[in-house]
Amino acid sequence: MNYKTYLKLVIISVWLSVSLLSCNLKKNESAKNDSAIDSSKKLEWFQEAKFGLFIHWGLYSVPAGEWNGRKNYGEWIQYSANIPGEEYEKLAKQFNPVRFIAKEWVSMAKQAGMKYIVITAKHHEGFCMFDSKLTNYNIVDATPYGKDPMKALAEECRKQGLKLCFYYSVKDWHHPQFPVKYTYHTKQYPEGFHGFPNRDADYKKYFAYLEGQVKELLTNYGDIGIIWWDWSGPAFDPDELQNREMALALVDSIHKWQPKCLINNRMGGIGADYGTPEQEIPGGSQSTAFEVCMTLNGSWGYNKTDTTFKSADEVISNLVDIASKGGNYLLNVGPTSEGVMPEKAQAILKKVGNWLSVNGEAIYGTTSGGPSVRWNNSISGITAKPNTLYLHLFRWPGDNMLYLNDFVNEFNNAYLLADKEKKPLKVDVHSQGLMIYLPEQPIDSIDNIIVIKYKGPYKQFRI
Ligand code: GLC
């Protein structure tokens with residue numbers, strides 16, 4: 001990615017996380033339909049799940065990051081390389097994911113310990129990765145592949161017990177009725193960018209198309225966990241209050257089509273059940289539900305030269321950090337246009353899955369233990385369940401002793417989660433804390449988790 005693109009993405013990311021996580025959820029406008037299921041009920045599975053796979057897959061996977069000799073593009077390639085609509089459309093003829101096997105993708109996610117998949121049904125390029133009757137610019141009608149991978153994924157997710165969720169970009173560089181003014185205005189494109197710019201574009205007409213497609217996605221693929229909007233722009237247009245009205249009405253329809261389906265906060269926060277900080281982890285625990293989305297390497301869409309993969313340890317450390325603040329981790333992998341998940345990504349996810357198969361109890365279904373106990377240098381994060389705290393140690397204390405501050409509960413026992421025998425650790429109970437004596441050697445090479453059991457409802461230490 002070149003410097004300018006990088007800078008742009010950083011600005012966008014910061015804008016998204018700051019404006020969307022904090023303010024939109026606070027002023028979250030609920031839709032008119034009172035029969036909508038309460039957010040907290042709908043969020044139950046999500047907050048249990050904690051870890052999901054994000055998949056960016058579209059026509060941009062064909063050039064795999066390269067255009068005219070430059071190799072640092074991603075899913076924004078049409079925009080960044082300024083590719084006109086007619087030329088970009090030709091990529092569809094080359095999109096033939098003959099090696100795509102839904103079972104392998106879902107198994108990969110499942111073995112990684114992920115509980116849900118969010119996949120790009122349509123990214124900003126406007127190409128539909130599902131069988132849409134509302135345009136021919138879709139994988140069934142426009143590619144040699146001619147099949148609907150979302151159908152296969154939906155079936156496989158059902159079989160393997162994962163939730164399938166759809167990312168849907170509000171912004172569309174292909175649909176002639178999507179107004180250019182609602183795309184980014186940058187130095188490169190002071191008026192915005194579109195593959196088929198149209199002065200007479202009518203957002204109302206585009207929105208009817210969007211609504212129709214969301215209906216397809218929510219009525220043709222069984223239960224869908226989340227409708228994952230991207231790009232709120234139009235909903236904020238101060239001159240077009242009807243944009244907001246239309247979004248509110250759509251939220252009502254979504255609640256009708258799939259009452260349990262969650263909605264993220266990227267349609268101007270309208271109908272939002274949770275926030276979506278991007279590429280960064282909030283500084284502390286949050287009062288509202290959130291999901292940090294992050295790339296496993298440096299790109300969302302497949303880039304054949306991007307080798308900047310995070311290590312499994314880094315992924316685990318992020319997962320713990322996010323869970324200890326009460327959030328979910330949505331980790332992205334970009335598959336090739338042939339339908340293959342990069343081997344490197346598979347290997348990392350496998351390692352993460354191995355760690356979770358031993359330590360998952362301290363992640364799934366937990367809440368933040370953050371505000372309840374003050375930080376101790378050796379403790380990187382604390383997750384919690386009723387009568388239980390999980391202390392995450394990425395560094396083993398040199399003296400094999402750990403002091404847990406501000407613990408004023410009736411202590412029951414403590415042990416290392418990875419210890420099959422749950423051998424009790426020696427603990428001295430002090431009036432405002434616990435001195436925990438650890439074995440000389442850690443038993444996990446990444447994160448050693450100390451389980452603290454206590455009796456009664458959690459008592460918060462007050463200074
Ligand atoms: C940013 C990127 C977009 C990506 C999204 C995922 O908005 O611009 O391409 O899909 O992040 O959150």
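Counting convention: from 1, in listed order, for ligands and their atoms alike.
- Residues Trp228 and Cys293 meet the side-chain proximity criterion, which asks for heavy atoms closer than 4.5 Å.
- Annotation for ligand 1: atoms under 4.0 Å from non-hydrogen atoms of Tyr167 are 10 (O).
- Short contacts between ligand 1 and His123, defined as distances under 4.0 Å to a heavy atom of the residue, involve ligand atoms 3 (C), 4 (C), 9 (O), 10 (O).
- For the side-chain contact (heavy atoms from CB on, under 4.5 Å) with Phe207, the lone residue among Asn243, Asp202, Leu250 that qualifies is Leu250.
- For ligand 1, the polar-atom distance check finds an N/O of Trp76 within less than 3.5 Å of one of the ligand's N/O atoms.
- With sequence neighbours excluded, no residue forms a side-chain hydrogen bond (donor to acceptor under 3.5 Å, both in side chains) with Asn264.
- Taking a cut-off of under 4.0 Å to the non-hydrogen atoms of Cys293, the atoms of ligand 1 that pass are 12 (O).
- Under 4.0 Å from ligand 1, not a single heavy atom of Tyr184 appears.
- In this structure, CD on Glu211 lies 8.5 Å from CD1 on Ile254, to the nearest 0.5 angstrom.
- The part of Arg266 lying near ligand 1 is the side chain, judged by heavy-atom distances below 4.0 Å.
- Counting heavy atoms closer than 4.0 Å to ligand 1, residue Thr120 contributes nothing at all.
- Sorted by first then second residue, the side chain to side chain donor-acceptor pair (under 3.5 Å) pairs that include residues 44-55, not counting sequence neighbours, are Lys41-Glu44.
- For ligand 1, the atoms closer than 4.0 angstrom to any heavy atom of Asp230 are 3 (C), 4 (C), 5 (C), 7 (O), 10 (O).
- Screening Tyr60, Trp173, Tyr189, Tyr88 for a ring-ring contact (aromatic ring centres under 6.0 Å, His included) involving Trp76 leaves a single residue, Trp173.
- Remark: ligand 1 atoms within the under-4.0 Å shell around heavy atoms of Glu75 are 2 (C), 3 (C), 9 (O).
- Near Glu278, the atoms of ligand 1 lying under 4.0 angstrom from a non-hydrogen atom of the residue are 1 (C), 5 (C), 6 (C), 7 (O), 11 (O), 12 (O).
- Under a 4.0 Å N-O distance rule, the pair Lys325/Asp321 qualifies as a salt bridge.
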